[in-house]
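Before I ask anything, let me first share the structure, which is written out below as C-alpha cells.
Just so it is clear: chains get the letters A, B, ... in the order the sequence lines come, proteins before strands, and each one is counted from 1.
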Amino acid sequence: MPVILTKNRIEQLFEEKKENILSVYFTAGFPKLEDTAKIVKYLENSGADIIEVGIPFSDPVADGPTIQESNKTALDNGISLKLIFEQLSDIRKEVKIPLILMGYINPVLQYGVEAFCKKCVEIGVDGFILPDLPLQEYLDEYKTIFERYGLLNIFLITPQTSDARIRRIDNNSRGFIYMVSLAGTTGAKGDISEDQVNYFKRVKKMNLNNPALIGFGISNKLTFNRACAHASGAIIGSAFINVLKNSKNLEKDISGFIKSVKGIQ
Amino acid sequence: MKIAVDERGYYGNFGGAYIPEMLYPNVEELRQNYLSILNDEGFRKDFDHLLKTYVGRPTPLYFAKRLSERYQAKIYLKREDLCHTGAHKVNNTIGQILLAKRLNKKNIIAETGAGQHGVATATVCALMGMECIVYMGEIDMERQKPNVERMRILGTEVRPATSGSKTLKDATNEAMRHWINNPVDTHYIIGSVVGPHPYPDMVARFQSVISEEIKWQLKETEGLESPDYVIACVGGGSNAAGAFYHYYENDDVKLIAVEAAGLGNETGKSAATTTLGKPGVLHGSRTLLMQTKDGQVVEPYSISAGLDYPGIGPVQAHLFESGRAKFYSATDEEAMKAGILLSRLEGIIPAIETAHALAALEKMTFSKDDVVVLNLSGRGDKDLETYIKWGRY
Ligand SMILES: Cc1ncc(COP(=O)(O)O)c(C=O)c1O
C-alpha cells in the first residue's frame, strides 16, 4: 500500500480539533448556478470546519426530498461536474478549510476517474463521499488511483452496519467516518432518539482508528450538540439547503444559520 | 459461450453492487442466502407446485401456423401471456415471495412500469397474506390505469412516483428509498434482471423456467431441444434472460433481443439502450445506460411503459458487448403494427412490450426450415387503451 506522506487538510483538521466539528453540505449550482463559490466562502467565513460540495445527479437514491429537489434545480440551472470545477478553480486563493466533493459515482465515471482526481488535486479538493461506491468496488478499482493523488474516500456506516463491517471500513478509511444517524435517506429531523444515542455509544465504545462525524437528520443547535456529545462533530445538509432555498441574502443567512447552530451570538 | 455471474457479481464488465451503505445489510443477506434457498429441495417443491397449480405452468409452446406462413419460417410462440396475471413477471414474484418468507420478511415493496410486475407482486402478496406497497411513476399510472386498479383490488397500496420522468426509473428510485428507510423486515421484489447483485442472477434463475420448458416442448414437437432463433423483447431483460437461459452455451442458437426505439433512435425519443447508451451506474449495477455526457440519466421514451427504462440488466449488456445476442430495436409504429398483425393472424392480442419482439420478425430473414421461438411475454389486456388511442386497426 503506498503511503502518502503529505498531510491531507482533513487529517490536519482532525488532529487539531477533536470536538464540535461542523461539516456542511450544499448542492453545487443551487439555488443559482453561480452561487457555488460564494457559498463556500461564506461558509468558511461563518465558521464551518469542513465543506461538502454536492455534485448533482439525476437519480439521488440515498437522498430525501429536500436534496432531491436541490439536485434537480441545480441540474435545471445547467450545472455539471465540469462547470463545478470551473467555479471552484480559484477557491484555494481564499478558502483554507477542507473541501470534500460528495455525489453519486456515475458523473465521476463519465468524467473519467483519473481526470477527476487530477482536477481535484489541481483545485485543492481533499476527498470524496460517494454513497453508491461501496467498500468492495472501492478496494477493487478506485483505491490505488485515489491514493496516488492523496485524496481521501470517506465511508458511511449506519445503525444496521455490523461491528465486523464497521471495523473493516475503519481499517480502510482515512480522515473520518461518516456515521449515518438513522436508517433512512437524508433529511432534516427535529430530534435524536434513544435508539440513535445507543448506536452512537456502541460505535464510540469500539474505539475506532478514525474519528466520526454524525450526519443525516442534524438540523439545528439542539441536534448538533446532541450529536457532538457522541462524536467529533456533525454534518448538516438538508436543513442548510432549506436556508439557501429561502434566502434573499446568502451571506447574511448563511452566517446567521451557522452561528445559530454553533451557539454563537 | 458461458454466460454466468462471477463471484463478484459481474457478467464480464457489467454488474456489481453499487449500493449505498444503508442497503448493504439487506443486499448482503440476500447474497449470502439466495443460492442455498433456491437450491433447497423444499423451496424447489413449493416453487414448482405454485408455478404448476397457481400460475398455470407449463405454458404452451404454440406453433403459430399463419405467422409462420407470413415470415416463411417455423415460428413457435412461448405463451407466457397465459400465465396467471398475464405475463412472465409472475414467475419471478412467486420465487421472490417464497424467498422473502424464508428470510422472515413481513413487508413487500416493488416498483412497476407497465404495472405487470406490480400486479404480479400484489397477487403473490395477497396469496401469502403479506403487506405490499408498489411504487409506480405518475405517468405510468395514467397510461396503465387498469393495472393500478387491479393492484388496489388485490389489497396493495400504489404510491405514485412524482420525481424525475415519473416513470419506471423514478418508481425504482422511490422503492430503493423506501427500502433504505425500512431496512429490517422489508423485502424489495425487483421486477427484472436489474439492480445490485444478486438480483440479476436471482431473477434470471426464476425466469429460466421459460427456456427449461421450451427445451422439452420443442423436443416433443420438433424432435430437437434447440431452435435456430430465440427472440424476446428487452426492457430490463428478464423475459429475455429467461428465454435465453438454457441456450447461452449453445452457440448454434441465435439469441435476438429487441429494444424499444420509441419514435426512432435518431429522434432522441427512444429507449433503445444498446444503441444510445454507454457504460454507467444506476440502481445498483454497472451497465449500459442512456445518459448525457455529464453522466445524468436520460429520460427514455417508448409507447410501452414496460420498456421505458434508461438501462438494461447487466447480463443483457454483457450479451450485447460479447456479441452473444444480437440486438434490434423497434419503433412505436412498428410494434403497434406487429401487435395488430398477431391479433389478426393468430387471435392473440399481445402486450405492447411483446409486440416489439414481434416487430423484429419483419427485420429478419429466415430460411424455411428455421425453427424460431418467440417469447410471447405478455397479453394485451392492459394495453387496450393504447391500442384504442393508436386506432389503426
Ligand atoms: C409483457 C411484458 N413484457 C416485457 C416486459 C419488459 O420487462 P423485461 O425486459 O424484464 O422482460 C414487461 C415489463 O413490464 C412486460 O410487462
Looking at every heavy atom in both B:S270 and B:A260, which two are closest together, and how far apart are they?
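Distance-wise, the nearest heavy atoms are OG-O, 3.5 Å.
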Would you kindly say whether B:Q96 and B:N92 are connected by a side-chain donor-acceptor distance under 3.5 Å?
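Indeed, the side chains of B:Q96 and B:N92 share at least one donor-acceptor pair under 3.5 Å.
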With no hydrogens and no angle check, do the side chains of A:T27 and A:S70 hold a donor and an acceptor under 3.5 Å apart?
yes
Whatever's closer than 4.5 Å to a heavy atom in chain B on A:L83 counts as neither
At a 4.5 Å cut-off on heavy atoms, which part of A:L109 comes close to chain B: side chain, backbone, both, or neither?
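Interface part for A:L109: side chain.
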Residues in residues 181-194 of chain B that sit under 4.5 Å from chain A, counting heavy atoms only
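B:N181, B:P183, B:V184, listed by number.
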Side-chain donor-acceptor pair under 3.5 Å between B:Y199 and B:H283, yes or no?
no
Does the side chain of B:S329 come under 3.5 Å of the side chain of B:N265 through a donor N or O and an acceptor N or O?
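On atom types as modelled, these side chains qualify, holding a pair under 3.5 Å.
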Are there more than 12 heavy atoms of other residues, nucleotides or ligands under 6.0 Å from atom CD of B:E157?
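Check passes, neighbour count above 12.
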Interface moiety of A:F216 toward chain B, non-hydrogen atoms closer than 4.5 Å
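For A:F216, the contact with chain B is made by the side chain alone.
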Heavy-atom distance under 4.5 Å to chain B: side chain of A:P56, backbone, both or neither?
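Just the backbone, heavy atoms under 4.5 Å.
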Taking every non-hydrogen pair under 4.5 Å, which of A:P159, A:P134, A:A62 racks up the most with chain B?
A:P134
Heavy-atom distance under 4.5 Å to chain A: side chain of B:Y24, backbone, both or neither?
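Side chain only.
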I'd like to know whether A:E141 forms a salt bridge (Lys or Arg N to Asp or Glu O under 4.0 Å) with B:R286, so could you lay out the CA-CA distance, the side-chain angles of the two residues, the decisive distance to 0.1 Å, and finally the verdict.
CA-CA 13 Å; A:E141 290 183 37; B:R286 194 181 129 84; 5.8 Å; no
Minimum-distance pair of heavy atoms, taken over all atoms of B:Y10 and B:G16:
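Closest approach of B:Y10 to B:G16, heavy atoms only: CE1-CA, 3.5 Å.
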Bottom line for A:L135: the part with an atom under 4.5 Å from chain B's heavy atoms is neither
Of the backbone (N, CA, C, O) and the side chain (C-beta and beyond), which part of B:L23 lies under 4.5 Å from a heavy atom of chain A, both, or neither?
neither
B:Y11 and B:V5: which non-hydrogen atoms are nearest, and at how many Å?
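Smallest interatomic distance, heavy atoms only, reads CE2-N, 3.6 Å.
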Of the backbone (N, CA, C, O) and the side chain (C-beta and beyond), which part of B:Q291 lies under 4.5 Å from a heavy atom of chain A, both, or neither?
side chain
Taking A:P65, A:P131, A:S162, A:G64 one by one, which has the highest count of heavy-atom pairs under 4.5 Å against chain B?
A:P131
To the nearest 0.5 angstrom, please state how far the CD1 atom of B:I139 sits from the OG1 atom of B:T162.
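Answer for the CD1-OG1 pair, B:I139 versus B:T162, is 11.0 Å.
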Which atoms form the tightest heavy-atom contact between B:E21 and A:L156, and what is the distance?
CG-O, 3.1 Å
Heavy-atom distance under 4.5 Å to chain B: side chain of A:Q160, backbone, both or neither?
both
Answer yes if the side chains of B:Y34 and B:D201 hold a donor-acceptor pair under 3.5 Å, and no otherwise.
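Per modelled atom types, B:Y34 and B:D201 side chains form a pair under 3.5 Å.
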Could you pull out the closest heavy-atom pair between A:I84 and A:G54, with the gap in Å?
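Minimum heavy-atom contact is CD1-O, 4.2 Å.
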CG of A:L244 to CZ of A:F26: how many Å apart, nearest 0.5 Å?
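One gets 8.0 Å once the value is rounded to the nearest 0.5 Å.
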Only heavy atoms, only distances under 4.5 angstrom. Which residues in residues 163-180 of chain B are near chain A?
B:S163, B:K169, B:D170, B:N173, B:E174, B:M176, B:R177, B:I180
Nearest heavy atoms of B:L319 and B:S322, plus distance in Å:
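Looking at all heavy atoms of both residues, the shortest contact is O-OG, 3.4 Å.
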Determine, for A:D76 against A:K72, whether the closest basic-nitrogen to carboxylate-oxygen distance falls under 4.0 angstrom.
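Result for this pair is yes, salt bridge flagged.
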With a 4.5 angstrom heavy-atom cut-off, which part of A:Y111 approaches chain B: side chain, backbone, both or neither?
neither
Counting only heavy atoms closer than 4.5 Å, note whether A:D140 contacts chain B via side chain, backbone, both or neither.
side chain
Chain A contact via B:P196 - which portion, at a heavy-atom distance below 4.5 Å
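Interface part for B:P196: neither.
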I'd like to check A:I214 versus A:Q196 (side-chain heavy atoms, cut-off strictly below 4.5 Å). Are they in contact?
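In short, these two side chains do not touch, never coming nearer than 4.5 Å.
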Measuring heavy-atom distances to chain A, does B:K293 have an atom under 4.5 Å in its side chain, in its backbone, in both, or in neither?
backbone
